[in-house]
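Take a look at the structure below.
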There are 2 protein chains.
Amino acid sequence: MILTTQTDATTLTDRVFETLCSAIVEGDIPAGSKISEPDLAKRLQISRASLREAIGRLEACNLVTRKPNVGARVVELNSAQLLEIYHVREALEGMAARLAAQHMTEQEIEELKALVTEHGHQIEQNEDHGHFQHVGDLDFHLLIVQGSHNSRLISLFQHDLYHLVRMYRHQFGLTSQRTKPALVEHYYIVDVIAAGDSEMAELMMRRHVRASRENLERMLSQNDNIE
Amino acid sequence: MILTTQTDATTLTDRVFETLCSAIVEGDIPAGSKISEPDLAKRLQISRASLREAIGRLEACNLVTRKPNVGARVVELNSAQLLEIYHVREALEGMAARLAAQHMTEQEIEELKALVTEHGHQIEQNEDHGHFQHVGDLDFHLLIVQGSHNSRLISLFQHDLYHLVRMYRHQFGLTSQRTKPALVEHYYIVDVIAAGDSEMAELMMRRHVRASRENLERMLSQNDNIE
DNA sequence: CCCCATAACATTGTCGACAATATTCTTGAC
DNA sequence: GTCAAGAATATTGTCGACAATGTTATGGGG
């Protein structure tokens, strides 16, 4: 593992945090594993103080859990918790869509349209073997959250949910099986937001997230039955 | 300022965090003021390392903001941000009420009923000059959030919203002017939750929070006009 | 008198070391 | 061979000091 230098993170702790965050999300540091401060500090060639601050932020992002005098472990992901997140997302992103319909600028809407169109092409050409699918989908949701222009909502989503969702997708390797229906829903949502219909935007976004969750529930119960 | 020893906070950083959290929420450390690490560390008789970790957690709770190489300041609260929080609360607590209607235990419901009843007595006797009003109201909302049995939702509410809401109330000294209508709404919400009607529970909770926000908007615009 | 450059100062970021707590290993009894 | 108690080890929590960056004070030129 090597520290990133390209980002605009000014302080060492920032860089360490970003490095560890990616490493955890992408599974380089496996879920459930213990984080040894001396070991990691040595490998990153930094002091424990900086590392500890970074770990503190990971904890704030719900990526690790800490026990006093024992240490930090990467969070264990189970299906129940994943579904919990989707309930929160349904509420939060529903409101985000509502606010986005009221507050998004012309330019933001254009970007959103471009993203969805691009995403559609990617799928039609079938060039997209799972990876861009997820990234594209998450980008869509992120853009709408940002379009709410509600700083608290944005920060909540980015700090407490975003990384976790990405982590789950990496770990479970969820190929959503409903990319096309999801894409269609994305198109509709963009239209409604562009039309400024906040009521309908919230309704549709909630339905969209709920459908994802229900799809997930089916897949997870299948897996559980196999085991 | 003195460090608390009564709580079960095991580590020094925990105690410092709790101390500072209360101090900020209750205005002992005024909003917008800078937090000097050397000064505070000296006054609390602790090292800067522990203090810095505590400040990190305050940042995670949105109680302070940090600029690299500059330091931490207690958050400035303005009306716009307060309203933003209420939008988030509407979404989050609406979902919480929905889930509470599905998952709350008999005992939890009894506690909730007791709280609301107690709150009603307090108001009728008019013993309640603003203070308990707020605490009681917030307790009500907290109980429902906890009743959702959704750990992510609970943690989101407690870590990112709860302290801020308390801080706003202290600072603005908001006497809500609609304690009685609010109480009636509380009664209804409890009934609906007890009946297990999740759909209606969400609807009513959202309406309740929205009414608070709209009431707030009126009061704030009044204040703004006076200035 | 005002403004800018430079120096003095203060504050934050980072580090290595010690103390307190947890974990592992050893040893002995049953 | 298994279990428990205690010693040895490792890890986390806390501390004080130095380096890097910001901020303020000083002084000279316009």
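Letters A, B, ... mirror the listed sequences (proteins, then strands); counts begin at 1.
Remark: B:Asp39 does not engage B:Lys34 in a salt bridge, criterion side-chain N to carboxylate O under 4.0 Å. A salt bridge is defined here as a Lys NZ or Arg NE, NH1 or NH2 lying under 4.0 Å from an Asp or Glu carboxylate O, and B:Arg213 with B:Glu217 meets this definition. Under the 4.0 Å criterion applied to side-chain N and carboxylate O atoms, A:Glu84 and B:Arg152 are not assigned as salt-bridge partners. Taking a cutoff of 4.0 Å between a charged side-chain nitrogen and a carboxylate oxygen, B:Arg43 and B:Glu37 do not qualify as a salt bridge.
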Protein-to-nucleotide contact annotation, 5' to 3' order, nucleotides 8-14 of chain D [B base; S sugar-phosphate only; - none; under 4.0 Å, heavy atom]: ---SBBB

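Computed from coordinates, the B:Ile55 CD1 to C:dT12 P distance equals 8 Å when rounded to whole Å.
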Verdict with supporting geometry, A:Glu202 and B:Arg206, salt bridge (charged side-chain N to carboxylate O under 4.0 Å, His left out): CA-CA 13 Å; A:Glu202 171 159 22; B:Arg206 284 192 67 149; 2.7 Å; yes

